[in-house]
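Read through the structure below, which is laid out as structure tokens, and then see the notes.
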Amino acid sequence: MKSQSKFISFVLRHQPEAIDLDIDKNGWVSIDQLIANAKAAGTTLTREIIQDVVDNNDKGRFALSEDGKKIRALQGHSISKDRVSIEFEAKTPPEVLYHGTATRFVDSIKETGLKSFKRQYVHLSWNEDIATSVGQRHGTPVILEIDTQAMLDKGHVFYLSENNVWLTENVPAEFITVKKEQSYKPKFK
Ligand code: HQG
């Protein structure tokens, strides 16, 4: 299931054009078209596989439409906002949010703040364990603490995705504290 999940994530969040998928402004794609176009590209997907990916995805990344005909990723898009712009609800975050990154990025982040780069938003976590696993994807993890109250005071806006990822456009360096640097112990070999 992991490879199908990765494939679906890739075409829904990053490159629908890779398999000629029509994606609407809210990120929805027809499941029939997804199955047919994936097949033409050599990847077998069925309704059952797609349902399984939606139900069992570790981070709840995907959702089906009420009529069961469409699928979308709930956040994490790198497609331009002109094409896909999910209507997130602006919400007041907890006083502190966390961002997990890697030690090698810290100097640059201290200089220029957190940027979203290819993604549409900077992703923030409500819990340090999640932030650590996000950071580990890039190397030795470091947790950054984000002073959300000070950001709100300065007019920054936060959004919460349906799968509980906090999003914001950028985080200037003045709102960031480096919390702790950990030695990296890989869980798996
Ligand atoms: C870093 C996964 C240098 C940033 C996760 C991060 C997340 C800077 C990397 C979601 C920087 C971007 C997003 C600066 C930011 N200088 N480095 N000024 N500003 N960075 O993957 O937050 O599995 O685009 O710290 O769970 O790691 O896809 O972002 O290390 O929720 O569902 O640049 O992706 O979810 O990397 O991860 P990413 P991220 P999914």
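Both ligands and their constituent atoms are indexed starting at 1 by order of listing.
- Electrostatic pairing of K115 and E169 does not count as a salt bridge here, judged by no charged N lying under 4.0 Å from a carboxylate O.
- Considering both main-chain and side-chain atoms, F105 never comes within under 3.5 Å of ligand 1 through any nitrogen or oxygen pair.
- Between E174 and K154 there is a salt bridge, with a side-chain nitrogen of the basic residue lying less than 4.0 Å from a carboxylate oxygen of the acidic one.
- Counting atoms of ligand 1 from 1 in the listed order, those under 4.0 Å from a heavy atom of R61 are 23 (O), 32 (O), 40 (P).
- Here the CD-OG1 distance, from Q4 to T46, works out to 8.0 Å after rounding to the nearest 0.5 Å.
- In summary, R61 and E162 do not engage in a salt bridge, as defined by a charged side-chain N under 4.0 Å from a carboxylate O.
- The distance from ligand 1 to the heavy atoms of T112 drops below 4.0 Å at these ligand atoms: 18 (N).
- Annotation: atom 39 (P) of ligand 1 to nearest protein heavy atom, R137 NH1, 3.7 Å.
- Heavy atoms of H99 come nearer than 4.0 angstrom to ligand 1 in at least one pair.
- For S116, the closest heavy-atom approach to ligand 1 does not fall below 4.0 Å.
- When the heavy-atom distances from atom 38 (P) of ligand 1 to H14, H123, Q136, R119 are ranked, the shortest goes to R119.
- Taking the ring centre of Y121 as origin, the terminal cationic atom of K81 falls inside the region bounded by 6.0 Å and 45° from the ring axis.
- The protein heavy atom nearest to atom 20 (N) of ligand 1 is F117 CE1, 3.5 Å.
- Atoms of ligand 1 lying under 4.0 Å from at least one heavy atom of R13, given by number and element, are 28 (O), 32 (O), 40 (P).
- The shortest contact between atom 3 (C) of ligand 1 and any protein heavy atom is with S108 OG, 3.2 Å.
- One finds no salt bridge joining D67 and K70 here, because no Lys/Arg side-chain nitrogen approaches an Asp/Glu carboxylate oxygen to under 4.0 Å.
- When each of I146, L152, L124, L167 is checked for a side-chain contact (heavy atoms from CB on, under 4.5 Å) with P93, only L152 meets the rule.
- With respect to atom 6 (C) of ligand 1, the closest heavy atom belonging to the protein is H138 NE2, 3.7 Å.
- For atom 19 (N) of ligand 1, the closest non-hydrogen atom of the protein is K115 N, 3.0 Å.
- Short contacts between ligand 1 and K59, defined as distances under 4.0 Å to a heavy atom of the residue, involve ligand atoms 2 (C), 5 (C), 23 (O), 26 (O), 35 (O), 40 (P).
- The two atoms that bring I8 and F62 nearest to each other are CG2-CE2, 3.9 Å, heavy atoms only.
- Contact record, A73 with I86: O-CD1, 3.4 Å, taken as the closest heavy-atom pair.
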